[in-house]
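Scroll down for the structure; my scribbles are underneath it.
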Protein chains: 2
Amino acid sequence: MLRLSKLTDYAVVVLVRLDAGTQVQTSPCIAATTGIPEPTVAKVLKSLSAAALVTSQRGARGGYRLARPLEDIPVGEVIAAMDGPITLAACVDGSVTECESLALCPVRGRWDPVNEAIQRALSAISLADMREAAIPAVFRVPPDADLVRVPRNAELGHSNASR
Amino acid sequence: MLRLSKLTDYAVVVLVRLDAGTQVQTSPCIAATTGIPEPTVAKVLKSLSAAALVTSQRGARGGYRLARPLEDIPVGEVIAAMDGPITLAACVDGSVTECESLALCPVRGRWDPVNEAIQRALSAISLADMREAAIPAVFRVPPDADLVRVPRNAELGHSNASR
DNA sequence: GGTAACCGGACCGTGTCAGTCCTGATTGAG
DNA sequence: CTCAATCAGGACTGACACGGTCCGGTTACC
Ligand code: FES
Ligand code: FES
């Protein structure tokens with residue numbers, strides 16, 4: 001259904017959450033304030049760090065910090081960081097691979113304009129646009145509260161309640 | 001990787017192929033001229049028929065025909081016919097379902113503008129645009145040749161040669 | 001009536017993905 | 001100096017959607 005992976009959605013949530021405050025934030029802290037399971041948050045942060053969207057501080061009192069302001073992060077870049085490059089079909093860009101019966105395919109390489117249009121649309125929207133849009137104040141996290149360190153064994157209450 | 005399903009790619013191939021000639025074409029015939037396995041072609045045609053993109057003629061000497069000229073078929077409609085409605089995340093449009101921890105999600109419903117941008121990009125490109133683009137003449141199928149009926153047990157030679 | 005083609009399902013192997021866990025490497029705090 | 005907190009990177013597993021195939025039934029031409 002042309003659906004992006006759930007990890008990408010989490011990445012946007014984490015990045016927006018990371019925007020509050022200038023201090024580094026640990027993955028357990030982010031997990032607690034977003035409701036996402038902690039191992040998953042760690043995984044997302046690692047991918048984001050590999051893509052240079054966040055900077056990491058190792059060691060005790062370490063954590064993550066935004067590498068760039070949200071305004072400079074197009075949503076397409078987040079998708080590319082999590083799900084790999086945006087390629088609708090197997091035969092876009094210069095990749096000649098994959099398509100086995102490419103000698104017969106009449107639309108060989110014809111997905112390129114479509115792919116390009118999507119990439120352009122995804123580059124025009126930044127994470128700030130997604131944050132700025134009208135969100136009920138209830139959902140907003142206070143910028144300075146909840147930034148206290150939470151112990152690793154904090155009760156999150158999301159263990160097996162959903163499914 | 002934001003990749004669309006292979007069936008959708010096949011659908012575009014089949015639709016472009018169906019544009020040649022005004023007569024109805026059977027699925028074995030299309031399968032032979034495109035190199036796609038015949039049962040798969042039948043499945044694609046069925047989905048396309050359900051979406052009213054092609055019209056079907058039952059009975060002997062039956063087959064499929066384009067319901068509209070290629071110019072009037074945006075590629076987004078084909079994707080919607082094959083992969084369902086275009087919904088990047090689970091929470092777009094009015095669907096409040098799926099998102100379990102929606103009370104915490106800070107980007108609730110914020111994928112809507114992104115989704116909309118993609119839909120607009122996908123609606124602006126028609127199948128004719130994908131066909132018209134420069135395709136080497138070698139890959140073009142002669143418009144009137146190969147339109148002869150092929151028996152169902154024709155040797156296609158794609159059984160296990162590729163993998 | 002026979003035959004050729006579509007119709008609408010069900011069916012199953014395979015591959016990808018979400019989620020978890022474990023073992024290091026690094027750095028600040030005590 | 002020692003320890004604990006935290007990130008880094010990979011391996012592993014179960015769930016699930018997807019690609020692909022097949023079957024009985026129906027419709028229309030010959
Ligand atoms: S889909 Fe790649 S050549 Fe046809
Ligand atoms: S992804 Fe749907 S509410 Fe967050």
(message) Whole angstroms only, please: what is the NZ-P distance between B:K46 and D:dT26?
(response) 16 Å
(request) Could you tell me whether B:L45 contacts a base, only the sugar-phosphate backbone, or nothing, with contacts defined as non-hydrogen atoms closer than 4.0 Å? (result) nothing
(message) Under the rule for side chain to side chain contact (heavy atoms under 4.5 Å, CB included), what residues qualify as partners of A:R65, not counting sequence neighbours?
(response) A:V24, A:T55
(message) I want to verify a distance call: between D:dC18, C:dG9, C:dC6, whose nearest atom is closest to the B:S56 side chain?
(response) C:dC6
(message) Can you confirm whether A:W111 sits close enough to B:M130 that some side-chain heavy atom of one is under 4.5 Å from a side-chain heavy atom of the other?
(response) yes
(request) Check whether any side-chain heavy atom of B:L45 sits under 4.5 Å from a side-chain heavy atom of B:I30, and report yes or no. (result) yes
(message) Please confirm whether the shortest side-chain N or O distance from B:T40 to OP1 or OP2 of D:dT21 is below 4.0 Å.
(response) yes
Polar atoms only, N or O, under 3.5 Å: list the protein pairs with nucleotides 26-28 of chain C and their distances.
{"unit_1": "C:dT26", "atom_1": "O4'", "unit_2": "A:R58", "atom_2": "NH2", "d": "3.4"}
{"unit_1": "C:dT27", "atom_1": "O2", "unit_2": "A:A60", "atom_2": "N", "d": "3.3"}

(message) What is the separation between atom CD1 on B:I36 and atom P on D:dT21, rounded to the nearest whole Å?
(response) 12 Å
(message) Looking at C:dA4, I'd like to know if its phosphate oxygens (OP1 or OP2) sit under 4.0 Å from a side-chain N or O belonging to B:T26.
(response) no
(message) Any side-chain N or O of A:S49 below 4.0 angstrom from OP1/OP2 of D:dC7?
(response) no
(request) Round to the nearest Å and state the distance from B:R65 atom CZ to C:dC6 atom P. (result) 13 Å
(message) Rounding to an integer number of Å, can you tell me how far B:E38 CD sits from D:dG20 C1'?
(response) 12 Å
(message) Between C1' on C:dA18 and CE on A:M82, what's the gap in Å once rounded to a whole number?
(response) 11 Å
(message) Holding to side chain to side chain contact (heavy atoms under 4.5 Å, CB included), I want the full list of residues that pass it with B:E71, two or more places apart in sequence or in another chain.
(response) B:P69, B:A128, B:R131
(request) For the pair B:R68 and B:E77, find out whether any cationic side-chain nitrogen is under 4.0 Å from an anionic carboxylate oxygen. (result) yes
(request) Could you check if a side-chain atom of A:L2 sits within less than 4.5 angstrom of a side-chain atom of B:R3, using non-hydrogen atoms only? (result) no
(message) In this structure, how many angstroms lie between the C1' atom of C:dC17 and the CG atom of B:L2, rounded?
(response) 15 Å
(message) Nearest whole Å is fine: how far is D:dT6 P from A:I30 CD1?
(response) 12 Å
(message) Please report the distance, rounded to the nearest Å, between CG in A:L48 and P in D:dG9.
(response) 14 Å
(message) Can you tell me whether the side chain of B:K6 and the base of D:dG19 have a donor-acceptor pair closer than 3.5 Å?
(response) no
(request) Nearest-nucleotide wise, let me know which of A:K43 and A:G63 is further upstream toward the 5' end of DNA chain D. (result) A:G63
(request) Using only side-chain N and O atoms of B:Y10, determine if any of them is under 4.0 Å from OP1 or OP2 of D:dG19. (result) no
(request) Look at the side-chain N and O atoms of A:S27 and state whether any lies under 4.0 Å from the OP1 or OP2 oxygen of D:dC7. (result) yes
(message) Any heavy-atom pair between the side chains of A:V14 and A:Y64 that's under 4.5 Å?
(response) no
